[in-house]
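None of these values were measured; they are calculated from a predicted model.
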Amino acid sequence: MSERDDFSRLDDPEFLAERRRVREELEHTPENQLSPELAVRYQLLDDEFLRRASAAWALASRGSDQ
């Protein structure tokens with residue numbers, strides 16, 4: 001993974017903006033012109049999204065146990 005793809009370094013607003021940008025580019029690109037690199041980038045963004053959501057859920061569930 002390149003430093004460009006290390007989404008863990010982005011704060012939440014930057015991360016969400018990049019995820020939205022890539023998703024919109026994928027949605028507006030004809031299927032026969034899709035870049036494999038862009039699809040991989042979106043998958044990495046999705047993985048980071050799930051990682052962040054899991055961490056937030058775990059933190060919230062620990063707080064509700066108290």
Taken to the nearest 0.5 Å, the spacing of R21 CZ from Y42 OH works out to 12.5 Å
Straight-line distance of F49 CZ to L44 CG, nearest 0.5 Å: 15.0 Å
Going through the checks in order, is the side-chain contact (heavy atoms from CB on, under 4.5 Å) test met by E18 and E14? CA-CA 6 Å; E18 176 62 6; E14 292 172 325; over 6 Å; no
Determine, stepwise, if the pair E37 / R41 fulfils salt bridge (Lys or Arg N to Asp or Glu O under 4.0 Å). CA-CA 6 Å; E37 293 82 11; R41 185 168 180 80; over 6 Å; no
Atom pair CG (L34) and CD (E25), whose distance is rounded to the nearest 0.5 Å: 9.5 Å
Looking only at non-hydrogen atoms, find the nearest pair between S8 and R51 and report the distance. CB-NH2, 4.2 Å
dist R20:CZ -> F15:CZ (nearest 0.5 Å) comes out at 11.5 Å
Taking all heavy atoms of R52 and all of F7, pick out the closest pair and write down the distance. NH2-O, 2.8 Å
Supply the atom-to-atom distance L26 CG to E31 CD, rounded to the nearest 0.5 angstrom. 10.5 Å
Is there a side-chain contact (heavy atoms from CB on, under 4.5 Å) between L45 and R23 once you walk through the steps? CA-CA 10 Å; L45 284 158; R23 184 185 66 239; over 6 Å; no
